[in-house]
Amino acid sequence: MSFSGFIVQLLNGLASASSLFLVAAGLSLIFGVTRIVNFAHGSFFMVGIYVAYTLVERLGTGMGFWPALVMAALAVGVLGALIEVVLLRRIYKAPELFQLLATFALVLVIKDAVLWLWGPDELLGPRAPGLSGSVTILGRQFPSYDLFLIVVGPVVLGLVWMLLTRTRFGTLVRAATQDREMVSALGVNQAWLFTAVFALGALLAGLGGALQLPREPATLEMDLNTIGAAFVVVVVGGMGSIPGAYAAALLIAEIKAICIWLGVVDIFGISVSFSKLTLVVDFLVMAVVLVWRPWGLFGRPQAPSRYVGMQEEPLRRPSKVYLIAAAVFGLVLAAMPFLTAGSPYTTVLMIDLMIAALFATSLHFIMGPAGMHSFGHAAYFGLGAYGAALLVRASGMPMELALIVAPLVAAAGAFVYGWFAVRLSGVYLAMLTLAFAQITWAITYQWDSFTGGSNGLTGVWPSAWLSDKRAYYWLTLVLVAFGVLWLRRVLFSPFGYALRAGRDSALRADAIGIDVKRMQWAAFVIAGTAAGLAGALYAFSKGSISPESLSVGKSVDGLVMVLLGGIQTLAGPVVGAVTFTWLHDTVARNTDYWRAMLGGIILLLVLLFPQGIAGFAKQLFDRRRHAAGANADLQEAKA
């Protein structure tokens, strides 16, 4: 831990901050104007480095290197404009979460498109001409190209700042960030403004990727790795604040650099590996900032909204026809192992479908009726899974008792995380839940002696009387049905009505004496308990558990299930979970490019059913019922 090493690590942090800022600045611009949480922004970064690699190969590594980087950024900007015009423009009137679902589908499509064009291997670009050497700083060698990146960040910040403050386009962008409807009312062509902003944001992300070509190889994992870090930077800096994005990128990059410099340190005889904190330090920073300053470092607090929101029909108790259909469906599920006796895999798949349905229903409980968007719901699924595995392996607890205790472990996690989360709202709440989930994942991933680390835990099998998959199937059916019906029953209780009142208008609910935050906190615990039960069932069905159960991908899967089925219907999460899990399994077994096919199907469903599959079915049924009622009234009037 020498002083020279400290200075060099700080310079490394500055170089990393510049690259991260380019991605975050574009993401912040897009969200500020269009209100789209663009999951595909990391894909633009990835496409930028791949296109730059190809252009450098074609134009040469000499004088053609720098024009190739610029051309790659421009190409990504054009790609962003095309995506906005062809796809996103068609769904601006859809709920914001469905726009998020569309951008997630784009991530899948773009990833497989890159796989098809460039292959699965890592591609390492050449050194930058003129900057391929290094300079000596305090007796240590430091890459010249990294010094160039240190300069690029402030230069781009200055150029973007001038664009936003000294031009008519920048004035329109800032006005749209504050009030899009007023900008449209003043006669501004909102559609083309959105296209220009989206193209600019994509261009900045592509430039950030292209500039990474001499520093790191192009890989297919760059998209999700980059978008997570970019989201953190945007939220920490303050949504829509470009200077805030740069300051947050500097803060996070320098803290990571210091952690690397510290390495392993003995504190009171205990060895602490600060270098391992680099996996989660950005999410730790985000959690601390959001708890301390919920609107970010440079953001502005939002005044309580007096807008009641779109009117939703009150939840109605099921009709007799609905109950009969549900009972018949339950009987069919109970008989499924006999109907599919010749296909054992079908039983395994049905177990997965039911567990996914319970997980999605628990997420819907806080997203729909409670109105709280969670990007980290996998934390409670994983806590339940690891809780069950550790209770059985470490304490020798019977599997039956572990299925009862494990959901309580998840409930304890939701109790702690929910206390902080309910103090925020909107995107900030969603990102705080993501931060807590990533912190939980990092602890699980690195605690080798307790959780098994990256290898996870194996040998987590059900009791002997459940060794037959059919027996475990029936147990899963009973517990999943209990969990789903319990959540549904809660929604029709006085607590459920108070929860929906707080969602529809927090000011009115507070005025009549409802403690909205307390209701939301309790909702977090209830949803966490149900997700923990799903995780415990998953652990015993697979016989093992790994940190993937707490990863961002698992949380995103839950979001897709809820949105695909329809967030405004109680049956939506079940329909979405079954549809998504079945499509994932079927497509993945029949093609190497399953992501693109799955993403294409999701995009098609979003365009055809913007209210979700179950939402569309409910809308169709209501229309026919109203039409039948109108016809009956007409016939009665004629008579």
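Values below: all heavy atoms of this structure, side chains included; hydrogens, waters and symmetry mates excluded. Positions are given from 1 along the sequence.
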Could you walk me through whether Trp192 and Phe169 satisfy the ring-ring contact (aromatic ring centres under 6.0 Å, His included) test, starting with their C-alpha distance in whole Å, then the side-chain angles of each, then the deciding distance to 0.1 Å, before giving a yes or no? CA-CA 11 Å; Trp192 288 112; Phe169 172 75; over 10 Å; no
For a 4.5 angstrom cut-off between non-hydrogen side-chain atoms, does [X] reach [Y]?
X      : Y      : result
Trp295 : Leu424 : no
Met367 : His364 : no
Pro126 : Val56  : yes
Ile150 : Leu147 : yes
Phe375 : Leu432 : no
Ile30  : Leu27  : no
Val135 : Gln141 : no
Pro143 : Arg127 : no

Distance alone, cut at 3.5 Å: any donor-acceptor contact between the side chains of Tyr417 and Thr440?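 Side-chain D/A pair, Tyr417 to Thr440: present.
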Stepwise, does the ring-ring contact (aromatic ring centres under 6.0 Å, His included) test hold for Tyr53 with Tyr50? CA-CA 5 Å; Tyr53 177 87; Tyr50 273 99; 7.8 Å; no
Has [X] got a side-chain atom pairing as donor or acceptor with [Y]'s backbone, closer than 3.5 angstrom?
X      : Y      : result
Ser241 : Gly238 : no
Ser549 : Gly382 : no
His41  : Val23  : yes
Asp223 : Ser43  : no
Ser16  : Asn12  : yes
Thr278 : Lys256 : no
Thr171 : Thr167 : yes
Lys111 : Arg595 : no
Arg503 : Gly368 : yes
Arg90  : Val86  : yes

Partner residues of Asp557 under the salt bridge (Lys or Arg N to Asp or Glu O under 4.0 Å) criterion, sequence neighbours left out: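 Partners of Asp557 under the salt bridge (Lys or Arg N to Asp or Glu O under 4.0 Å) test: none.
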Check this for me: Trp116, atom CH2, are more than 12 non-hydrogen atoms of other residues, nucleotides or ligands nearer than 6.0 Å?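 No - once you tally the heavy atoms of other residues, nucleotides and ligands closer than 6.0 Å, there are 12 at most.
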Mark yes when over 12 heavy atoms from residues, nucleotides or ligands other than Phe65 sit less than 6.0 Å from its CZ; otherwise mark no.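 Yes, the 6.0 Å shell around CZ holds more than 12 heavy atoms from other groups.
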Apply the test ring-ring contact (aromatic ring centres under 6.0 Å, His included) to residues Phe231 and Phe283: give CA-CA distance (whole Å), side-chain angles for both, the deciding distance (0.1 Å), then the verdict. CA-CA 10 Å; Phe231 270 134; Phe283 292 97; over 10 Å; no
Shortest non-hydrogen separation from [X] to [Y] and the atoms involved:
X      : Y     : answer
Leu149 : Ser19 : CD1-OG, 4.1 Å
Thr226 : Gly42 : CB-CA, 4.4 Å
Val76  : Val47 : CG2-CG1, 4.0 Å

Got a salt bridge between Glu548 and Lys554, using NZ or NE/NH1/NH2 to carboxylate O under 4.0 Å?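 No.
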Evaluate the ring planes of Phe3 and Phe6, with Trp represented by its six-membered ring, and classify them as parallel (under 30°), tilted (30 to 60°) or perpendicular (over 60°).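 Rings of Phe3 and Phe6: tilted, as their planes differ by 30° to 60°.
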Look at the rings of Tyr145 and Phe148 and say which category their plane angle falls in: under 30° parallel, 30 to 60° tilted, over 60° perpendicular.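 Geometry flag for Phe148 against Tyr145: tilted rings.
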Cation-pi between Arg423 and Trp292: NZ/CZ under 6.0 Å from ring centre and within 45° of the ring axis?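 No - Arg423 does not lie over the ring of Trp292 by the 6.0 Å and 45° rule.
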